[in-house]
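To start, the structure under review is shown below, and the notes come after it.
The sequence lines fix the lettering, A, B, ..., with proteins before strands; numbering per chain opens at 1. What you see below is based on every heavy atom in this structure, not just the backbone, and it leaves out hydrogens, waters and symmetry mates.
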2 protein chains.
Amino acid sequence: MKTAQNAPIHLTRQRRLVLDILRESKEHLDADTLHQKAKARNAKISLATIYRSLAALREARLVQEHRLGDNHAHFEPARDPLHHHFTCLKCGRIVEFRSPQVMKAVRVFCTREKLELVDVRLELHGYCPACRPA
Amino acid sequence: MKTAQNAPIHLTRQRRLVLDILRESKEHLDADTLHQKAKARNAKISLATIYRSLAALREARLVQEHRLGDNHAHFEPARDPLHHHFTCLKCGRIVEFRSPQVMKAVRVFCTREKLELVDVRLELHGYCPACRPA
DNA sequence: GATAAAATGAGAATAATTATCATTCTCAAA
DNA sequence: TTTGAGAATGATAATTATTCTCATTTTATC
C-alpha cells in the first residue's frame with residue numbers, strides 16, 4: 001500500500017510551471033485560468049495536466065485548494081501561516097485573514113483525536129460593508 | 001436583524017420535504033441521495049427542485065452546505081451551535097467537532113471588518129488514526 | 001544504452017450543477 | 001370566487017468542472 005502522504009513530489013517542467021504561475025500571481029486562480037496562463041508561456045500543456053499537477057502539488061502541500069463562492073475550485077500557493085477567506089455573497093469580494101486562535105483550536109482538536117492534519121480550510125460567506133443592507 | 005438578503009422563505013411542500021428529510025436523517029446528504037429519498041415519499045419531485053430548494057433553504061439559513069472530500073456538495077440542517085468537519089483523505093471518515101474558540105475568532109474578525117456573516121465553513125482534511133502512516 | 005515506471009497531451013467520458021420553458025401553484029386585490 | 005401577477009415546479013437540455021483513457025514521451029534505474 002502506497003503512502004501517498006510522504007511521496008516526495010517529482011517537480012516536472014509542467015508542475016514547476018503551474019507552481020510558478022501560482023506563486024507569481026498571488027491570486028486565487030482556477031484550473032481554467034491557470035491553463036490559459038500556462039499556455040501563454042508553454043505552447044503545449046493540457047488542461048488534464050493542470051489538474052494532475054494541482055493534485056500532485058496539493059498532495060505535496062505546496063498548494064492549497066479553496067472553494068470560494070462559485071462551484072469550482074481555486075488554488076493558491078501554500079503560505080505560512082495559513083490564512084482564511086471571507087467571500088461576499090453579492091459582489092464576490094474576498095477578504096483574507098489569519099487567526100492564530102483558529103489554528104490553535106484546530107491543532108488542539110487534531111492532537112486530542114489523533115488526527116494527522118493535512119489541510120485547513122476556513123471559508124466564511126456573507127456580505128461586505130458595501131453590500132450589506134442598511 | 002432582518003435584512004434585505006434574507007427574505008422570509010416560502011416553505012412550499014417540496015422545500016418542506018427537503019428540509020424534513022435532512023432533519024430526520026441527520027447525515028450529510030448530497031443532492032442525488034436527497035432526490036432518491038424525496039422520490040420515495042413523493043412521486044413527483046424534480047432534481048432541479050432539490051437544487052433550488054437547497055439554495056432557498058441555504059439562503060434562509062436553514063441548511064448548511066459542505067464540501068467534504070469528494071467533489072460534490074453535502075447538506076445538513078443548520079444546527080446551533082455550528083460544527084465543523086474533519087474528513088479522512090484515505091477512508092473518507094468524518095469527525096465532527098465544535099469550537100467556541102473558532103467561532104469567537106471568526107466573530108471578532110467579522111465585527112472588526114464590518115462583515116455580515118452568513119455562513120461559516122471549517123473543513124479539515126488529513127488522516128484518521130486508522131489511516132495515518134506509521 | 002536498455003528497460004520500467006511515471007508523466008503528458010488530446011480528447012472522450014462522467015458527474016455535478018444550472019438554465020430553459022411550458023405549466024402549475026399561491027395569494028392578494030377586485 | 002374570480003383573476004392576474006409572480007413565484008415555484010417538472011422535465012429535460014445545456015453547461016461546467018473534473019476525471020478517465022490511451023497512445024506517446026519523458027524520466028529514473030540498472
Distance check needed: [N] [atom2] versus [X] [atom1], whole Å only.
X: Leu17(B); N: dG10(D); atom1: CG; atom2: C1'; value: 15 Å
X: Ile50(A); N: dA7(C); atom1: CD1; atom2: P; value: 16 Å
X: Lys39(B); N: dG10(D); atom1: NZ; atom2: C1'; value: 12 Å
X: Arg52(B); N: dC25(C); atom1: CZ; atom2: P; value: 15 Å
X: Leu11(A); N: dA28(D); atom1: CG; atom2: P; value: 11 Å
X: Leu47(B); N: dA15(C); atom1: CG; atom2: P; value: 14 Å
X: His74(B); N: dT17(C); atom1: NE2; atom2: P; value: 9 Å
X: His72(B); N: dT15(D); atom1: NE2; atom2: C1'; value: 19 Å

Please classify the nucleic acid contact of [X] as base, sugar-phosphate, or nothing, using heavy-atom distances under 4.0 Å.
X: Ile45(A); answer: sugar-phosphate
X: Ala73(B); answer: sugar-phosphate
X: Arg13(B); answer: nothing

Would you tell me if any nitrogen or oxygen in the side chain of [X] comes within less than 4.0 Å of OP1 or OP2 on [N]?
X: His10(A); N: dA28(D); answer: yes
X: Tyr51(B); N: dT18(C); answer: no
X: Lys44(B); N: dA11(D); answer: yes
X: Ser46(A); N: dA10(C); answer: no
X: Arg15(B); N: dA8(D); answer: yes
X: Gln14(A); N: dT26(D); answer: no
X: Arg67(A); N: dT18(D); answer: yes

### Query
Once the angle between the rings of His28(A) and His66(A) is folded into 0 to 90°, is it parallel (under 30°), tilted (30 to 60°) or perpendicular (over 60°)?
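His28(A) vs His66(A) ring planes: perpendicular.
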Taking all atoms of both residues into account, what is the closest heavy-atom pair of [X] and [Y], and its distance?
X: Phe75(B); Y: Leu22(B); result: O-CD2, 3.5 Å
X: His74(A); Y: Asp30(A); result: ND1-N, 4.2 Å
X: His84(A); Y: Val102(A); result: NE2-CG1, 4.1 Å

### Task
Could you tell me whether the side chains of His125(A) and Glu65(B) share a donor-acceptor contact shorter than 3.5 Å?
no
### Nearest-nucleotide 5' precedence on DNA chain D, Thr49(B) against Asn71(A)
Thr49(B)
### Message
Any donor-acceptor pair, under 3.5 Å, between the side chain of Thr12(B) and the base of dA8(D), if you only look at N and O atoms?
### Response
no
### Message
Check this for me: does any side-chain nitrogen of one of Glu24(A) and Arg41(A) sit under 4.0 Å from a carboxylate oxygen of the other?
### Response
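Salt bridge flag = yes for Arg41(A) with Glu24(A).
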#### Entry: Given DNA chain C, 5'-ward residue of the pair Ala48(A) and Ala48(B), judged by closest heavy atom
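Upstream on the strand: Ala48(A).
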